[in-house]
Amino acid sequence: MSQPVQRAAARSFIQKYINKETLKYVFTTHFWGPVSNFGIPIAAIYDLKKDPTLISGPMTLALVAYSGVFMKYALAVTPKNYLLFACHFINETAQLGQGYRFLSYNYLTSEEEKKEIIEKYKEKE
């Protein structure tokens, strides 16, 4: 690609994505709220690999409800906050996975299988 074409492409990119409106958005709570909130779904995804004996059923249920409420809120505000929606959608999915693991371990697993699971996670420590 020639030099003038590269400059034109860079200028077009900057005008389209790095402009006053984008910079204004980056400095709002509409942006930073969801960005800072992404720690919750990241932790939930990481926890999907941990020992199921450590899962708190009431906390998982609370986080499922919390994310459900905020997904609705993210689409109810003006302008719609799709970043917040994505954050809570990911968290909802991860928490539902944790809820499944909690129910499976506590109510669908025999005592022998529970002992095997406990031994498996003790070996990893």
Side-chain angles (χ1 to χ4, degrees):
M1 213 183 312
S2 68
Q3 196 86 18
V5 173
Q6 285 179 339
R7 275 194 222 121
R11 190 175 302 122
S12 174
F13 176 82
I14 289 170
Q15 286 174 344
K16 187 171 183 177
Y17 295 108
I18 304 174
N19 54 39
K20 283 185 179 182
E21 295 302 316
T22 304
L23 290 175
K24 279 184 187 178
Y25 177 69
V26 168
F27 290 106
T28 65
T29 56
H30 218 69
F31 174 78
W32 286 107
V35 168
S36 63
N37 226 7
F38 259 103
I40 297 170
I42 290 169
I45 291 167
Y46 178 73
D47 286 348
L48 287 170
K49 296 179 182 177
K50 288 189 176 178
D51 187 352
T53 61
L54 302 174
I55 301 169
S56 167
M59 184 53 131
T60 300
L61 181 62
L63 286 167
V64 166
Y66 162 78
S67 285
V69 167
F70 275 90
M71 279 193 302
K72 181 167 174 62
Y73 168 78
L75 298 177
V77 297
T78 304
K80 294 182 184 330
N81 194 335
Y82 294 111
L83 190 57
L84 183 64
F85 180 83
C87 171
H88 286 290
F89 180 79
I90 293 167
N91 190 43
E92 182 86 9
T93 305
Q95 294 302 333
L96 288 171
Q98 284 290 74
Y100 172 77
R101 291 179 70 223
F102 174 79
L103 293 172
S104 176
Y105 178 78
N106 288 297
Y107 300 106
L108 304 175
T109 304
S110 69
E111 290 303 317
E112 291 120 20
E113 291 172 324
K114 285 182 181 180
K115 288 178 184 174
E116 289 175 19
I117 291 170
I118 290 169
E119 289 301 318
K120 175 182 151 188
Y121 281 98
K122 280 186 180 178
E123 289 173 8
K124 289 184 178 181
E125 291 178 352

Visitor: Where is the tightest heavy-atom contact between Ala94 and Leu48, given as atom of each residue plus distance?
Guide: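 Heavy-atom minimum between the residues: O-CD2, 3.8 Å.
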Visitor: Compute the centroid of each ring, for Tyr73 and then for His88, and state whether the two points are separated by less than 6.0 Å.
Guide: no
Visitor: Could Lys50 and Tyr121 be counted as a cation-pi pair, given that NZ or CZ must be under 6.0 Å from the ring centre and within 45° of the axis?
Guide: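 No, Lys50 does not lie over the aromatic ring of Tyr121.
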Visitor: Quick one: sort the Phe102 and Tyr107 rings into parallel, tilted or perpendicular, breaks at 30° and 60°.
Guide: perpendicular
Visitor: Within the 4.5 Å heavy-atom criterion, are Phe38 and Asn91 side-chain neighbours or not?
Guide: no
Visitor: Check Phe89 against Met71 and note the closest heavy-atom contact, atom names and distance.
Guide: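 Scanning both residues, the minimum pair turns out to be CA-SD, 3.5 Å.
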Visitor: Where do Gln95 and Thr60 come nearest, in terms of heavy atoms and distance?
Guide: O-CG2, 3.3 Å
Visitor: Side-chain heavy atoms nearer than 4.5 Å, only ILVMFWY residues, links allowed to pass through others: does that put Val64 and Tyr105 together?
Guide: no
Visitor: Short question: side chain of Asn81, backbone of Ala74 - any donor-acceptor pair under 3.5 Å?
Guide: no
Visitor: Spell out, as yes or no, whether a donor-acceptor pair under 3.5 Å connects the side chain of Ser12 to the backbone of Ala8.
Guide: no
Visitor: Show the nearest heavy-atom pair for residues Ser104 and Thr109, with the distance to one decimal.
Guide: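 The pair with the smallest heavy-atom distance is O-OG1, 2.7 Å.
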Visitor: Nearest 0.5 Å, what's the CD1-NZ distance between Ile117 and Lys122?
Guide: 13.5 Å
Visitor: Should we count NZ of Lys114 as having more than 12 external heavy atoms under 6.0 Å?
Guide: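 Counting neighbours around NZ of Lys114, more than 12 heavy atoms of other residues, nucleotides or ligands fall under 6.0 Å, so yes.
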Visitor: Using a 6.0 Å cut-off, check whether atom CZ of Phe85 has over 12 heavy atoms from anything other than its own residue.
Guide: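 Above 12, so yes.
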Visitor: Quick one: closest heavy-atom pair of Gly68 and Glu92, and the distance?
Guide: N-OE1, 3.1 Å
Visitor: Closest approach of Arg101 and Asp47, non-hydrogen atoms and distance?
Guide: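 Minimum heavy-atom separation between Arg101 and Asp47: NH1-O, 3.2 Å.
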Visitor: Measuring from Lys72:NZ to Ser67:OG, what's the distance to the nearest 0.5 Å?
Guide: 15.5 Å
Visitor: Does His30 reach the main-chain N or O of Pro79 with its side chain, forming a donor-acceptor pair under 3.5 Å?
Guide: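 Side chain of His30 to backbone of Pro79, a donor-acceptor pair under 3.5 Å: yes, one is there.
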